[in-house]
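The structure under discussion appears below in the form of C-alpha cells.
A quick note: this is a predicted structure, and the numbers were derived from the prediction, not measured. Only this structure's heavy atoms are used, side chains among them; waters, hydrogens and symmetry mates stay out.
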Amino acid sequence: MPRKALKPREKRGLPDGDSKFGSVIVARFISKLNFEGKKSIAESIMYDAFDIIKEKTNEDPVGVFNRAIENVRPLLEVRPRRVGGATYQVPMEVPLVRSTTLAINWITEIARNKTGRPMCERLAQEIIDAGKKEGAAMKKREDTHKMAEANKAFAHYRW
C-alpha cells in the first residue's frame with residue numbers, strides 16, 4: 001500500500017477509460033478479467049456480455065453494470081487487529097476505491113467459478129443478478145456485512 005496519495009490517472013500513464021464506452025470502471029473490470037496477458041480476449045468477453053445484457057434487459061448495459069457494482073460494493077469489512085495475545089476481527093468502513101475493487105473481484109471470481117456456459121454468458125448473468133440485488137456476489141456482500149455486525153463489539157479497537 002503506498003504511503004503517499006496516488007497520482008491522478010493521466011500522470012500515471014493509465015488510460016482514462018475503455019475503448020468503446022470511455023468508462024474507467026469498465027476499463028478496470030476488463031483489466032481484472034484479463035487472463036494470461038490476453039487483453040483483447042478480455043475486452044471481447046466484456047463487450048459480448050454487454051450485448052447479452054442489452055438483449056435480456058433492454059437497458060443501457062453500462063448503466064446496468066454501474067448499478068451492479070454499486071449494489072455489490074461493501075460498506076464494512078472486518079480486519080484483523082492484534083491486541084495483547086489475541087487477534088480480534090475489527091469491523092471497519094471500506095474506502096471507495098477498495099470497495100469498488102472488491103466488487104469487481106467478487107463478480108469476476110463468481111463468473112469464473114460457474115461452469116457449463118461461455119464466460120460472456122456467465123458474466124452477463126452475474127451482472128444482471130447483481131443489478132437486481134440478487135446472486136452470489138450480493139450474498140458475498142451480505143456475508144461480509146453480517147461478519148462486521150457480529151464483531152461490532154470489537155469496534156473500539158479500530159485505530
Side-chain angles (χ1 to χ4, degrees), residues 1-2 5-80 89 91-151:
M1 191 163 167
L6 290 174
K7 295 177 186 171
R9 293 187 80 80
E10 61 274 356
K11 291 186 181 174
R12 288 187 282 163
L14 295 175
D16 289 333
D18 69 307
S19 59
K20 195 170 183 182
F21 298 105
S23 171
V24 175
I25 294 180
V26 173
R28 285 180 61 194
F29 198 92
I30 289 171
S31 294
K32 183 62 185 173
L33 204 57
N34 193 354
F35 185 69
E36 295 181 352
K38 315 250 179 183
K39 191 164 185 176
S40 61
I41 292 176
E43 284 179 344
S44 66
I45 289 171
M46 188 67 183
Y47 296 143
D48 289 347
F50 276 1
D51 292 340
I52 293 169
I53 291 169
K54 177 85 170 152
E55 285 176 18
K56 287 187 177 181
T57 63
N58 293 325
E59 294 180 51
D60 175 37
V62 178
V64 174
F65 174 74
N66 288 335
R67 187 169 62 234
I69 294 291
E70 282 297 315
N71 289 345
V72 175
R73 276 185 39 221
L75 303 174
L76 295 170
E77 69 176 345
V78 291
R79 308 287 302 264
Q89 295 291 329
M92 298 184 139
E93 290 183 16
V94 185
L96 180 68
V97 174
R98 175 159 168 76
S99 66
T100 306
T101 302
L102 284 173
I104 290 170
N105 290 348
W106 291 345
I107 290 174
T108 55
E109 176 186 318
I110 288 163
R112 277 199 179 116
N113 290 338
K114 291 181 181 178
T115 57
R117 291 184 296 165
M119 181 61 181
C120 58
E121 291 180 18
R122 294 179 280 170
L123 184 61
Q125 190 57 51
E126 193 56 44
I127 290 171
I128 290 169
D129 288 347
K132 295 179 189 172
K133 295 189 176 183
E134 300 171 356
M138 283 301 296
K139 183 176 182 338
K140 194 146 187 164
R141 176 186 189 257
E142 295 305 319
D143 291 345
T144 304
H145 282 187
K146 280 181 190 171
M147 190 174 293
E149 183 69 25
N151 288 301

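- Within the model, atoms CD1 of Ile41 and CD1 of Ile30 stand 13.0 Å from one another, a figure rounded to the nearest 0.5 Å.
- Within the 4.5 Å cutoff, the side chain of Thr100 has heavy atoms near those of the Arg73 side chain.
- Salt bridge status for Glu70 with Arg67: absent, with no side-chain N to carboxylate O gap under 4.0 Å.
- Under the 4.5 Å side-chain criterion, counting only non-hydrogen atoms from C-beta, Leu123 is not in contact with Arg112.
- Atom CZ in Arg122 sits 8.0 Å away from atom CZ in Arg117 (nearest 0.5 Å).
- The shortest non-hydrogen separation linking Ala68 to Ala130 is CB-CB, 3.6 Å.
- Inter-residue side-chain proximity for Lys20 and Val26 is flagged as unmet; no heavy-atom pair is nearer than 4.5 Å.
- In this structure the side chain of Ser23 never reaches within 4.5 angstrom of the side chain of Arg28, judged on heavy atoms.
- The minimum heavy-atom distance linking Phe50 with Pro61 is given by the pair O-CB, 3.5 Å.
- Met92 has its side chain out of reach of Leu76: every pair of non-hydrogen atoms, C-beta onward, lies at least 4.5 Å apart.
- Proximity of a side-chain donor or acceptor of His145 to a complementary backbone N or O of Pro74 within less than 3.5 Å is not detected.
- If you take NZ on Lys139 and NZ on Lys146, they are separated by 6.5 Å, rounding to the nearest 0.5 Å.
- A pairwise comparison of heavy atoms in Lys132 and Asn71 identifies N-ND2, 4.5 Å as the closest pair.
- Side-chain contact between Met46 and Phe65: present, with at least one pair of heavy atoms (C-beta onward) separated by less than 4.5 Å.
- To the nearest 0.5 angstrom, Gln125 atom CD is 13.0 Å from Ile110 atom CD1.
- Remark: Glu134 CD is packed, more than 12 non-hydrogen atoms of other residues, nucleotides or ligands lying under 6.0 Å away.
- For the pair Val72 and Met138, the minimum side-chain heavy-atom distance is below 4.5 Å.
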Evaluation steps, side chain to side chain contact (heavy atoms under 4.5 Å, CB included), between Phe35 and Ile45: CA-CA 11 Å; Phe35 185 69; Ile45 289 171; over 6 Å; no

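- Listed here is the closest heavy atom pair of Ser19 and Glu43: OG-OE2, 4.3 Å.
- Residues Pro91 and Glu77 form no side-chain contact, since every pair of their non-hydrogen atoms from C-beta on lies 4.5 Å or further apart.
- Between Glu126 and Ala137, the shortest heavy-atom distance links the atoms OE2-N, 3.3 Å.
- Within the model, atoms NZ of Lys114 and CD of Glu121 stand 11.5 Å from one another, a figure rounded to the nearest 0.5 Å.
- Taking both residues in full, the closest heavy atoms of Ala148 and Val78 are given as CA-CG1, 3.7 Å, listed atom of the first, atom of the second, then distance.
- Between Leu96 atom CG and Thr101 atom OG1 the span is 9.0 Å, to the nearest 0.5 Å.
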